[in-house]
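Down below is the structure, laid out as structure tokens.
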Amino acid sequence: MNDAEFARFTTAADQCDMSNAAFLAYAVDKAARDLTRTAAEIATEREVIDEIFAARRHLGRIHGLFNQVAKALNSGADTPHLNATAQAVHVAARRMDDAADALLAHRDGGGSA
């Protein structure tokens, strides 16, 4: 733990009117009760970036699938769920944009995107 992290930790313990040891024990117990959330909250920036790039690759594959749909449409195929699927992909792409913007804002000191 570096000096800035220790100062933040000590300030948090003081604000909760707890000793450092009690605050640490409470925080560890709270984190251990919901490991899924804890893992998400302590994910490193590198892990978050890796996940964004993985999702980007998946969106690229979806792009390729939409090219196949276009080919099928040009051949006269029926695509009854195309609009709903396209909308879902659009929403996923927008969420990716928002996640990337939020990551950049956090990285730049918490400014809004």
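What you see below is based on every heavy atom in this structure, not just the backbone, and it leaves out hydrogens, waters and symmetry mates.
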Quiz item: With the 4.5 Å side-chain cut-off for hydrophobic clustering, are M96 and L65 part of the same group?
Solution: no

Indicate yes or no: at least one non-hydrogen side-chain atom of [X] is less than 4.5 angstrom from one of [Y].
X	Y	value
T85	F66	yes
D78	P80	yes
D14	F23	no

Quiz item: What is the minimum heavy-atom distance between S19 and A13, and which atoms define it?
Solution: O-CB, 4.0 Å

Quiz item: Looking only at heavy atoms, what is the nearest atom pair of A92 and L59, with distance?
Solution: CB-CD2, 4.3 Å

If you count heavy atoms of other groups shown closer than 6.0 angstrom to [atom1] of [X], is the number above 12?
X	atom1	value
Y26	OH	no
N2	CG	yes
D3	CG	no
D29	CG	yes

Quiz item: Rounded to the nearest 0.5 Å, what separation is found between the CG atom of N20 and the CZ atom of F6?
Solution: 5.0 Å

Exercise. Could you grab the distance from atom CD of Q68 to atom NZ of K71, nearest 0.5 Å is fine?
Key: 8.0 Å

Quiz item: So does D97 pair up with R94, basic N to acidic O under 4.0 Å?
Solution: yes

